[in-house]
Amino acid sequence: MEKSLPINADLPMFNLGCKGFGVFLIACCFSSFTALSFAKDDILDQVLKEIRHFDFQHSESVIAKVNDESISYELNRYLNTYKNYGIDFNTIESKPNSSGPNPNSTIQNLNYGLQLLLNTYNNESQALSYLDRALNLSISQQNKVLTCEVIKAILIYNDRLLVLEDYPKHYLTTYKNNIYDEQEKYIFWVLEADMGFDGDKFIHGEEIIANIKRIIPLIKSKYYKSMAHKILGNYYDLVLEDYPRALSHHKKALDLIAGQSTGLYHTLRESIKINMAVIFFMQQKYDQVFPLLQINQNLRGKTIDYLNSYRYVWLKSTYEKLNQLDSAFYFSEKSRVIRNKFSQIDHASKVAKMRLDSEVNSINAKAEKLQSNLNTVLPILGILLLVLAILYYLFRNYKKQSGQLQEEKSETLQKLDELKQLVIKNHIVLKDKTKIYIADLMYIKAEDHYLKLFLSDGKNHLVRGKIKAIKEELPPNFLQCHRSYVVNSNFIKQVNAKSLIIYNNEILPISRSFKEGF
């Protein structure tokens, strides 16, 4: 019988959320750096979202589009881990060479932890230390997609973490707090339900099983859909003892992954067959037990050893029921040999846990220091941003008022120019030094190259000049009524169709071309 063994982990989570004016100011200051980082994170998130469905061919094509060679290399290693899934031994690569809080370092620690877990014996505690280091790095980056991926790896490989003691509640809580879309929520419910079987008991509530039934049509991944049917098969078997319905769901699970040849699907298929064999054993249908427990000699490795440990136990029990004690003893010994490989080393476990606790405390201390610094800096940044906002507001008002003043100044200068054109001398000095006051000048008449000036006192003066030139020196109240006459409008008494009369009753002509001015 497949059994999910507990995980002992009490790793605190922290989320350094930043709000308010400070975040805006920091984002503005570092936008040139974060833009590139976000672009890389977006690509990584897209790749991880593809990998989670375990469509390996498509995932490989997506990884090929990643420009960062180091991340692309680590993603391919991670994908190959799922493809092999511990059914054959891989070369253990060197330890992670990066320890900073970046995606590449996170995936390096994840890959190394999984390699230790799947390809070596009695290294479970060391493997867990690297897996948890990857988890804490992803949390420090506040990358939900990467955090979910690390936790899924830990939960999927949970059965191999025999060094642990407690149920993995911490991982499920962290996972739940980082769910980022509907598909990830469905996967969480599947893994949460799978973790809920402890021996022959289901330790979760009925709501989780109801969720599994509801989401099966909505799950895109064949792997998790098959896993959901396997969970329902276990539920009907272990909780309700409804063996026909249990077998029905197990068969649906097998049909979903038929033809899949990668290690991930091999191990799921083998675990489902073992569960079905146990159901037939409970129904005393021993002839149907043996085909399901048949050993595939082509599969080997730590994961297959783990599954075979259960297979041998149930073969032993079946042969005992058939009173074939020699065969029962043979499979009992094979089971014992395999389980000895998985023997726990208490000292290694304690050392690894101490090292892990030390790392967690260090991370928490840094987080608290950073939070303290943020608590001090953020109010200051908020005040600075407020001051900047006020200064910006004042600057905008200044610019607006300055523009208005400039416009008013231009208008004033224009009016001054107009006034300058109106303000002229209040008198004219003739060549014989005779002073003629403009206010006394009634009209001017052009006579050949001379101008005759008629005054209100009856006098007149003859000066050389042109009527056009003298008109430009006169104020606007002097109007030209004829090509030979310019009249002071202040002395006009009456205007007729073709003439006008001034106050001394003289009649001046109005030509057709100057009539509109009157």
Side-chain angles (χ1 to χ4, degrees), residues 15-18 23-24 26-85 90-116 118 130-154 156-157 174-175 178-184 187 220-224 262-264 363:
N15 185 1
L16 303 178
C18 299
V23 172
F24 174 77
I26 292 172
C28 292
C29 294
F30 296 99
S31 60
S32 61
F33 297 100
T34 55
L36 179 61
S37 175
F38 290 156
K40 287 185 177 180
D41 287 349
D42 288 343
I43 294 172
L44 177 64
D45 291 354
Q46 291 173 15
V47 172
L48 292 177
K49 288 176 183 178
E50 294 297 332
I51 289 177
R52 69 178 172 178
H53 296 305
F54 303 123
D55 182 348
F56 297 111
Q57 186 174 1
H58 179 64
S59 298
E60 287 173 347
S61 66
V62 174
I63 293 174
K65 298 177 182 178
V66 178
N67 293 327
D68 191 316
E69 291 185 3
S70 59
I71 292 182
S72 177
Y73 173 76
E74 294 299 334
L75 287 172
N76 274 311
R77 281 182 62 198
Y78 181 60
L79 188 63
N80 286 331
T81 299
Y82 276 114
K83 290 172 69 175
N84 294 323
Y85 206 73
N90 301 316
T91 303
I92 304 294
E93 298 194 23
S94 58
K95 293 182 180 180
N97 54 22
S98 175
S99 59
N102 58 74
N104 196 39
S105 177
T106 302
I107 302 174
Q108 280 184 12
N109 279 277
L110 176 59
N111 282 333
Y112 190 71
L114 291 179
Q115 282 189 335
L116 287 177
L118 294 174
Y130 282 99
L131 294 175
D132 275 315
R133 187 177 301 163
L135 176 57
N136 282 291
L137 285 171
S138 68
I139 292 173
S140 69
Q141 296 164 59
Q142 299 185 29
N143 186 326
K144 290 189 174 183
V145 178
L146 188 54
T147 298
C148 287
E149 198 62 31
V150 174
I151 296 175
K152 278 186 289 188
I154 294 173
I156 289 174
Y157 294 110
T174 306
Y175 191 1
N178 285 276
I179 291 172
Y180 54 87
D181 66 10
E182 286 297 310
Q183 283 299 311
E184 202 63 34
I187 294 172
K220 293 182 179 179
S221 167
K222 288 184 178 180
Y223 176 82
Y224 289 111
T262 56
L264 178 77
I363 292 173

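A side-chain donor from one of N111 and E74 sits under 3.5 Å from a side-chain acceptor of the other.
In this structure, the ring of Y82 has its center no less than 6.0 angstrom from the ring center of F56.
With a 4.5 Å cut-off on side-chain heavy atoms, Q183 and R52 count as touching. Taking 4.5 Å as the limit, every side-chain heavy atom of N143 sits out of range of all side-chain heavy atoms of S138. No side-chain heavy atom of L75 sits less than 4.5 Å from a side-chain heavy atom of V62. Looking at heavy atoms from C-beta onward, Y78 lies out of side-chain contact with I63 at the 4.5 angstrom threshold.
Separating the CD1 atom in I107 from the CG atom in N76 is a distance of 10.5 Å, to the nearest 0.5 Å. Here T147 contributes atom OG1 and K152 contributes atom NZ; the two are 11.0 Å apart, rounded to the nearest 0.5 Å. Atoms CG and CD, from N84 and Q115 in turn, are 10.0 Å apart once rounded to the nearest 0.5 Å. With rounding to the nearest 0.5 Å, the separation of CD1 in I151 from CD1 in I179 is 9.5 Å. A distance of 8.5 Å separates NZ of K222 from CG of D55, quoted to the nearest 0.5 Å. Note that OH of Y223 is 14.5 Å distant from NE2 of H53, once rounded to the nearest 0.5 Å.
More than 12 non-hydrogen atoms from other residues, nucleotides or ligands lie less than 6.0 angstrom from NZ of K49.
Ring-plane geometry between Y130 and Y112 is classed as perpendicular, the angle between the planes exceeding 60 degrees on a 0 to 90 degree scale with a lower cut at 30.
Taking the charged nitrogens against the carboxylate oxygens, E60 and K83 do have a contact shorter than 4.0 Å, which makes a salt bridge.
Closest of all the heavy-atom pairs between I51 and S59 is CA-OG, 3.5 Å. In terms of heavy-atom proximity, C148 sits nearest to E184 at CB-OE2, 3.6 Å.
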Verdict with reasoning, L44 to V145, per side-chain contact (heavy atoms from CB on, under 4.5 Å) = CA-CA 9 Å; L44 177 64; V145 178; over 6 Å; no

Test log, rule side-chain contact (heavy atoms from CB on, under 4.5 Å), inputs L131 and N109 | CA-CA 6 Å; L131 294 175; N109 279 277; over 6 Å; no

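Side chain of Q141 to main chain of L137: a donor-acceptor pair is present (N/O by atom type, distance under 3.5 Å, no hydrogens or angles).
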